[in-house]
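Since the structure is predicted, the reported quantities are computational estimates derived from the model, not experimental observations.
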Amino acid sequence: MLKWRLPFLALVLVVAVVVAIPASAWAQAWPNRPVKIIVPYPAGGLSDVFARLVSDRLQQKLGQPFIVEDRPGGNTIIGTQAVAVANPDGYTLLVGNAAVSINQNLVQKLPYDYRKDLIPVSHLGESYALIVVNPNFPAKTLPELIAAAKAAPGKYSTAIGGSGTNYGIAFEQLKEITGINLVMIPYKGTTPALNDVVAGQVPIFIDNLVPLAPQVKAGNIRALAVLSATRSPDLPDVPTTAEVGLPDVVVYAYNALFAPAGTPREIVNKLNAAVNEILADPEVIERSRLLGIKLGGGSPEKAKATIDKVTDIYADVIKKANIPLQ
């Protein structure tokens with residue numbers, strides 16, 4: 001009987017010692033194995049490319065592989081949920097964007113609540129967006145477009161590369177603030193929408209700067225405004241919406257790094273510090289410029305404040321525009 005009890009007592013002692021180790025000690029050892037970064041979009045897209053840029057540098061700084069796993073579907077809900085329910089040990093992260101804020105307000109039965117289930121680790125940056133028109137459209141500026149739309153309510157249509165996106169919400173902002181009547185035509189992605197705008201099938205388009213800028217430079221479309229607080233370095237001659245008197249018509253296209261709620265603060269701080277160093281790297285700054293991203297940075301609290309603010313703004317726009325819940 002004694003022989004059986006000795007191994008059991010030894011096991012109990014080991015468990016007691018492990019339990020006695022404070023969480024901060026485990027956090028200090030992080031990472032000691034590969035870290036997974038989930039991107040809720042298909043491979044090759046802007047979010048995927050940007051996540052890989054950041055993950056490569058995290059691997060160099062923290063000494064373990066940071067592996068990007070693309071998990072698209074459900075308008076980013078599938079990938080986001082995978083992180084929201086993951087073990088909060090710092091080994092499963094999310095590179096998310098403004099879809100987090102949109103889904104929080106637009107999806108009735110969302111399987112998570114980002115405010116309760118996710119921790120913003122770092123504000124990675126913001127993407128630029130443009131409002132463009134076919135070169136044959138009479139308006140040369142955004143105020144001229146608004147005047148044309150007011151003179152002919154319901155005559156003009158705007159292409160949007162997908163319903164329930166931040167570009168669609170920017171379209172609703174433009175309508176609500178200016179009182180114009182434009183018809184939204186949602187497409188299944190940027191490419192078919194852009195093709196129709198270049199061909200003159202649809203006169204107006206709102207989307208990300210990266211696919212639009214080359215067409216602007218080639219003269220195939222005309223840029224009227226950047227939907228941001230600052231001008232884009234790639235198109236420095238294009239004014240912002242604020243500069244033409246519409247400061248609230250903005251695409252809040254943030255990118256952020258999230259961890260599951262309950263992740264030790266020591267790990268969050270370690271990640272945040274590493275990301276801030278990465279975002280200050282001149283090579284990362286240049287590559288991000290080519291991706292149309294204005295880099296962010298700062299504390300986890302700053303990231304949370306940015307995301308919460310955007311979420312509240314989108315809630316207001318969705319309510320005022322009577323956008324149906326999904």
Side-chain angles (χ1 to χ4, degrees), residues 34-56 58 65-127 129 160-169 186-191 207-208 210-211 251-261 263 268 271 275 288 291-293 296 300 303-304 306-308 310-311 314 318 325-326:
V35 178
K36 178 167 58 180
I37 298 180
I38 291 179
V39 174
Y41 289 98
L46 176 62
S47 292
D48 173 74
V49 173
F50 186 47
R52 292 179 190 278
L53 174 62
V54 174
S55 66
D56 287 347
L58 283 172
F66 279 72
I67 302 167
V68 172
E69 179 182 310
D70 299 301
R71 201 177 294 188
N75 196 26
T76 76
I77 292 174
I78 291 175
T80 304
Q81 184 184 12
V83 179
V85 301
N87 189 6
D89 56 7
Y91 290 97
T92 305
L93 307 172
L94 170 75
V95 169
N97 58 20
V100 171
S101 294
I102 294 171
N103 289 336
Q104 190 73 24
N105 294 297
L106 203 56
V107 179
Q108 293 189 71
K109 296 182 179 179
L110 195 65
Y112 56 84
D113 182 335
Y114 90 85
R115 289 188 174 96
K116 297 178 181 178
D117 300 323
L118 295 170
I119 298 175
V121 175
S122 179
H123 176 211
L124 298 174
E126 297 177 357
S127 301
I160 300 293
S163 59
T165 65
N166 47 4
Y167 306 115
I169 291 179
Y187 283 75
K188 292 183 177 179
T190 296
T191 301
D207 208 277
N208 186 272
V210 174
V251 170
Y252 298 95
Y254 66 76
N255 297 273
L257 183 66
F258 295 87
T263 300
V268 172
L271 257 174
V275 169
S288 298
L291 293 172
I293 295 174
K304 183 180 186 304
T306 297
I307 296 163
D308 287 348
V310 172
T311 304
Y314 280 165
I318 289 168
L325 300 181
Q326 299 176 0

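- Considering every non-hydrogen atom in both Ala98 and Ala253, the closest pair reads CB-CA, 4.3 Å.
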Exercise. Kindly indicate, with the supporting measurements, whether the criterion side chain to side chain contact (heavy atoms under 4.5 Å, CB included) is fulfilled by Ile38 and Thr92.
Key: CA-CA 7 Å; Ile38 291 179; Thr92 305; 4.2 Å; yes

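- In terms of heavy-atom proximity, Pro260 sits nearest to Ala86 at CB-O, 3.7 Å.
- With Asp48 contributing its side chain and Pro42 its backbone, the two residues share no donor-acceptor pair below 3.5 Å.
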Practice problem: Under the side chain to side chain contact (heavy atoms under 4.5 Å, CB included) rule, what do Leu271 and Leu58 come out as? Steps first, then yes or no, please. | Solution: CA-CA 8 Å; Leu271 257 174; Leu58 283 172; 4.2 Å; yes

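- Atoms CG and NE2, on Asn255 and His123 in that order, are 7.0 Å from each other to the nearest 0.5 Å.
- Here the OG1 atom belonging to Thr311 is positioned 6.5 Å from the CG atom belonging to Asn105, to the nearest 0.5 angstrom.
- Just one of Val95, Leu53, Ile293, Asn97 meets the side-chain contact (heavy atoms from CB on, under 4.5 Å) condition when paired with Leu124; it is Val95.
- Counting only distance, with no hydrogens or angles, the side chain of Ser55 and the backbone of Arg52 share a donor-acceptor pair below 3.5 Å.
- Contact check for Pro211 versus Thr191: no side-chain heavy atoms found under the 4.5 Å cut-off.
- Closest approach of Tyr167 to Asn208, counting heavy atoms only: OH-CB, 3.2 Å.
- Under the 4.5 Å side-chain criterion, counting only non-hydrogen atoms from C-beta, Pro40 is in contact with Leu94.
- When only modelled atom types and interatomic distance are considered, Tyr314 and Asn103 share no side-chain donor-acceptor pair under 3.5 Å.
- Rounding to the nearest 0.5 angstrom, the gap separating the CD1 atom in Ile102 from the CG atom in Asn75 is 7.5 Å.
- Counting heavy atoms from C-beta outward, Leu118 and Thr80 have side chains that approach closer than 4.5 Å.
- Heavy-atom minimum distance, Pro111 versus Gln81: CB-NE2, 3.4 Å.
- To the nearest 0.5 Å, atoms OG (Ser101) and CG (Leu106) are separated by 12.0 Å.
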Quiz prompt | Evaluation steps, side chain to side chain contact (heavy atoms under 4.5 Å, CB included), between Ile77 and Tyr112 | solution = CA-CA 9 Å; Ile77 292 174; Tyr112 56 84; 3.9 Å; yes

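- When all heavy atoms are compared, the tightest approach of Gly168 to Ile160 is N-CG2, 3.8 Å.
- Among all heavy-atom pairs drawn from Ser122 and Ala303, the shortest one is C-CB, 3.7 Å.
- The side-chain heavy atoms of Tyr254 and Ile307, taken from C-beta on, include a pair separated by under 4.5 Å.
- Contact annotation: the side chain of Asp308 approaches that of Tyr114 to within less than 4.5 Å [non-hydrogen atoms, C-beta and beyond].
- Proximity of Asp117 to Val85: side-chain heavy atoms (C-beta onward) are nowhere separated by under 4.5 Å.
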Quiz item: Yes or no on side chain to side chain contact (heavy atoms under 4.5 Å, CB included) for Thr76 and Val100, after CA distance, side-chain angles and deciding distance?
Solution: CA-CA 8 Å; Thr76 76; Val100 171; 5.8 Å; no

